[in-house]
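Just so we're clear, the structure is a prediction, and the values are computed from it rather than from any experiment.
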Amino acid sequence: MTAKEFLRSIRKMTLEIDALGEEITQLRHEAEGIRAMTLSDMPKGGQPKDAADIIAEVCDLQRTRYALVLERLAKREEAMVAIAQIADGEERTVLMMRYILGKSWDEIVDETHYAYSSVFKLHGEALRSFERVSKSVE
């Protein structure tokens, strides 16, 4: 796995964790909003979910999310050890902002006050530095 792939996996995990959190929140609201169902002789399509089904689904999603959080924390720690060994502070900053804090390129450009081309160049140099130091960490 390249340095970029490794760092990207941390960023993707963060997005997945956030998405799971949103799904859990929606399901909780759905479970809280379930009202007593009225019986009628009108045909119904499919089986509606009851609160117990939703709660079970929330529990499953929470377990999945927790496991992903633990995996992300381990990868994040490994990345932080390598990033801390990069000599150039600007390179460290770009890697941390992009992959650890999950910032967009626009946010990085705004916060560093560099041009896009400078940020991308610095990012490329930072990835090469990360690759060198991460090999020495292993």
State yes or no: do [X] and [Y] share one hydrophobic cluster built from I, L, V, M, F, W and Y residues joined by side-chain heavy-atom distances below 4.5 Å, directly or via other members?
{"X": "L20", "Y": "I55", "result": "no"}
{"X": "I17", "Y": "Y66", "result": "no"}
{"X": "L70", "Y": "I24", "result": "no"}
{"X": "W105", "Y": "L122", "result": "yes"}
{"X": "I108", "Y": "L15", "result": "no"}

Rounded distance (nearest 0.5 Å) linking atom [atom1] of [X] with atom [atom2] of [Y]:
{"X": "S9", "Y": "M1", "atom1": "OG", "atom2": "CE", "answer": "5.0 Å"}
{"X": "T25", "Y": "E30", "atom1": "OG1", "atom2": "CD", "answer": "12.5 Å"}
{"X": "C59", "Y": "I54", "atom1": "SG", "atom2": "CD1", "answer": "12.0 Å"}

Stepwise side chain to side chain contact (heavy atoms under 4.5 Å, CB included) check, D60 with E57: CA-CA 5 Å; D60 289 343; E57 190 174 348; 5.6 Å; no
Results of ring-ring contact (aromatic ring centres under 6.0 Å, His included) for Y99 - residues two or more places apart only: H123
Student check: side-chain heavy atoms of [X] and [Y] closer than 4.5 Å:
{"X": "R98", "Y": "K103", "answer": "no"}
{"X": "V58", "Y": "Q62", "answer": "yes"}
{"X": "M97", "Y": "T112", "answer": "yes"}
{"X": "E16", "Y": "K12", "answer": "no"}

Verdict with reasoning, L61 to L27, per side chain to side chain contact (heavy atoms under 4.5 Å, CB included): CA-CA 10 Å; L61 286 174; L27 286 171; 3.5 Å; yes
Contact summary for [X] and [Y], nearest pair of heavy atoms:
{"X": "E90", "Y": "D88", "answer": "N-OD1, 2.8 Å"}
{"X": "I86", "Y": "R92", "answer": "O-NH1, 2.6 Å"}
{"X": "K75", "Y": "I10", "answer": "O-CD1, 3.6 Å"}
{"X": "A3", "Y": "L127", "answer": "CB-O, 3.9 Å"}

Polar side chain donor-acceptor pair, S129 to R132, under 3.5 angstrom: yes
Positive for side chain to side chain contact (heavy atoms under 4.5 Å, CB included) with E91, one of E125, R128, M96: E125
E5 CD: over 12 foreign heavy atoms closer than 6.0 Å: yes
Aromatic plane relationship, F6 with F130 - under 30° parallel, 30 to 60° tilted, over 60° perpendicular: parallel
Steps toward side chain to side chain contact (heavy atoms under 4.5 Å, CB included) verdict (I100, I83): CA-CA 10 Å; I100 304 301; I83 290 170; 4.2 Å; yes
Under 3.5 Å: donor-acceptor pair, side chain of E77, backbone of A74: no
Whether R11 side chain and G102 backbone form a donor-acceptor pair below 3.5 Å: yes
